[in-house]
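Input: a single structure, listed below in structure tokens.
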There are 2 protein chains.
Amino acid sequence: MKSAINSSYHLDSVDKEIIYMLMDNAKTSLAHISKNVGISTTAVHQRIKKLEQAGVIENSISFLNPRKIGYKVVSYIGVFLDQPSYYHDAVKALKEVNEVVEAHYTTGNYTIFLKVLCRDNDHLMEILNKLQKLKGVTRTETFISLEQSINRQLKV
Amino acid sequence: MKSAINSSYHLDSVDKEIIYMLMDNAKTSLAHISKNVGISTTAVHQRIKKLEQAGVIENSISFLNPRKIGYKVVSYIGVFLDQPSYYHDAVKALKEVNEVVEAHYTTGNYTIFLKVLCRDNDHLMEILNKLQKLKGVTRTETFISLEQSINRQLKV
DNA sequence: AATGAAAACCCCTCTTT
DNA sequence: AAAGAGGGGTTTTCATT
């Protein structure tokens, strides 16, 4: 059953339990989920398939822990462009910078807003220099995360 | 083999190939990885176990797509605290707000920097009101993401 | 650190209600 | 939507190099 464009998939309590288990560990077995939610493995499987087809559950991924391979600095960088028309070229250039893990076109102060991972502050300086050389970039503003106290997915 | 505190785990080219495949899809089978990297499934399995034990690869998770369940607004919110000593209490309170998916203690303008997911702008306004009632919060500054053009993990 | 073989486990389909 | 049964594939362990 496909839902109409822009309408939201309705999750019942069993769906939510299943999703939270998979959000916590993508490899949770059907048998384990089955025991927890009280329906058969087949029923769990059918629900997961439906949720995947609807796009509610997306592909599972393994996380690389940046800290463990020497990336200790998390920062957010607001980028000012003197003309918004440079946005698309800037994004194209930013995709070539591996340290940039998020880029947003935002309302508010900045034209582009970035999340950037670096090994250390020297490395961050390099990235800032690189950013400031991009066409149309007039200025950047950096927030360094000293401590990430919350990092999780949405709970509904 | 445990690495010393603060030293980085050394990844060889085979490790990296394995990690990138798992970062793309946590459920990539050992057989498939084996064919790609040219070592046996058992060897792949041993390497993955080592990487997991070292914490380089973290638990795999399934993604809930916020948009599909009606969460359309991604925003970043800088929070000003009149005293940094309120930080810990603020974090405790923020953990109770499901819409807050990241919180950072930052250098720069803001004391706390948040990533917040909301259904729509009205919902965002509710969250902003909630935040402004927290003890020590003097002001907030909001950036709404109109388009997320990059969203990925670190590549090394 | 890597291998092949065997055991244990799990996913997925089919059939039925 | 949900259940049980069975085949095929996958993970995991074991012994060996």
Side-chain angles (χ1 to χ4, degrees), chain A residues 1-5 7-65 68-70 153 155-156, chain B residues 1-5 7-65 68-70 153 155-156:
Chain A
M1 186 87 85
K2 257 181 209 163
S3 46
I5 292 166
S7 85
S8 300
Y9 191 100
H10 178 259
L11 303 175
D12 69 16
S13 63
V14 174
D15 287 329
K16 287 188 188 179
E17 281 189 81
I18 292 172
I19 289 174
Y20 291 140
M21 293 186 82
L22 292 175
M23 280 166 74
D24 188 57
N25 177 5
K27 289 175 179 165
T28 313
S29 72
L30 298 179
H32 190 221
I33 297 174
S34 165
K35 271 169 211 145
N36 262 266
V37 303
I39 58 177
S40 72
T41 57
T42 313
V44 173
H45 184 236
Q46 282 175 3
R47 279 173 180 261
I48 292 175
K49 259 183 101 171
K50 248 188 94 184
L51 289 164
E52 283 173 346
Q53 278 161 8
V56 175
I57 298 178
E58 296 188 318
N59 270 355
S60 58
I61 65 163
S62 292
F63 275 113
L64 170 65
N65 184 338
K68 294 285 181 175
I69 53 166
Q153 288 198 71
K155 259 208 136 168
V156 284
Chain B
M1 187 90 83
K2 257 183 207 161
S3 47
I5 292 166
S7 85
S8 301
Y9 191 99
H10 177 259
L11 303 175
D12 69 16
S13 63
V14 175
D15 287 330
K16 287 187 187 178
E17 282 189 81
I18 293 171
I19 289 174
Y20 291 139
M21 293 186 83
L22 293 175
M23 280 166 72
D24 188 57
N25 177 5
K27 288 174 181 166
T28 312
S29 72
L30 297 179
H32 189 220
I33 297 174
S34 165
K35 272 169 210 143
N36 262 265
V37 304
I39 59 176
S40 70
T41 55
T42 313
V44 173
H45 183 238
Q46 283 175 2
R47 277 174 181 260
I48 292 175
K49 260 183 101 171
K50 245 188 95 183
L51 289 164
E52 284 173 345
Q53 278 161 6
V56 175
I57 298 178
E58 296 186 321
N59 268 357
S60 59
I61 65 162
S62 291
F63 276 114
L64 170 65
N65 184 338
K68 294 284 180 176
I69 53 167
Q153 289 198 69
K155 257 208 138 171
V156 286

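By convention in this document, chain letters (A, B, ...) are assigned in the order of the sequence lines, proteins followed by strands, and residues within each chain are numbered from 1. Values below: every heavy atom of this structure, side chains too, minus hydrogens, waters and symmetry copies.
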From OG (Ser40(A)) to CD1 (Ile33(A)), nearest 0.5 Å: 12.0 Å
Residues from residues 10-21 of chain A lying under 4.0 Å of DNA chain D - heavy atoms: none
Distance in Å, Ser34(A) OG paired with Ile39(A) CD1, rounded so as to fall on 0.5 Å steps: 7.0 Å
Calculate, to the nearest 0.5 Å, the distance between atoms CG and NZ belonging to Asn59(A) and Lys27(B) respectively. 8.5 Å
Side-chain heavy-atom pair Leu11(A), Tyr9(A) within 4.5 angstrom cut-off: yes
What nitrogen or oxygen pairs link the protein and nucleotides 15-17 of chain C at under 3.5 Å?
none

Could you give me the CA-CA distance, side-chain angles and deciding distance for Ile61(B) and Met23(A), then say whether side-chain contact (heavy atoms from CB on, under 4.5 Å) is met? CA-CA 5 Å; Ile61(B) 65 162; Met23(A) 280 166 74; 5.6 Å; no
Under 3.5 Å, which donor-acceptor pairs link side chains of residues 12-20 of chain A to any protein atom two or more places apart or in another chain?
residue: Asp12(A); atom: OD1; partner: Val14(A); partner atom: N; Å: 3.0
residue: Asp12(A); atom: OD1; partner: Asp15(A); partner atom: N; Å: 2.8
residue: Asp12(A); atom: OD1; partner: Arg47(A); partner atom: NH1; Å: 3.1
residue: Asp12(A); atom: OD2; partner: Arg47(A); partner atom: NH1; Å: 3.2
residue: Asp12(A); atom: OD2; partner: Arg47(A); partner atom: NH2; Å: 3.4
residue: Asp15(A); atom: OD1; partner: Arg47(A); partner atom: NH1; Å: 2.9
residue: Asp15(A); atom: OD2; partner: Asp12(A); partner atom: N; Å: 3.3
residue: Tyr20(A); atom: OH; partner: Val156(A); partner atom: N; Å: 2.8
residue: Tyr20(A); atom: OH; partner: Val156(A); partner atom: O; Å: 2.6

Positive for side-chain contact (heavy atoms from CB on, under 4.5 Å) with Ser62(B), one of Asn25(A), Leu22(A), Thr28(A): Leu22(A)
Heavy-atom check, side chain of Leu64(B) versus side chain of Val56(A), under 4.5 Å: yes
Taking side chain as C-beta onward, heavy atoms only, is His45(A) less than 4.5 Å from Thr41(A)? no
Is there a side-chain contact (heavy atoms from CB on, under 4.5 Å) between Ile48(B) and Val44(B)? Walk through the geometry before answering. CA-CA 6 Å; Ile48(B) 292 175; Val44(B) 173; 3.8 Å; yes
Terminal axis angle for the helix from dA1(C)-dT17(D) to dT17(C)-dA1(D), five pairs an end, nearest 10 degrees: 30°
Polar pairs (N or O, both sides) under 3.5 Å between protein and nucleotides 6-12 of chain C?
residue: dC11(C); atom: OP2; partner: Leu30(A); partner atom: N; Å: 3.0
residue: dC12(C); atom: OP2; partner: His45(A); partner atom: NE2; Å: 3.3

Its 5'-most and 3'-most nucleotides having an atom under 4.0 Å from a non-hydrogen atom of chain A, DNA chain D is contacted over dA1(D) to dA5(D)
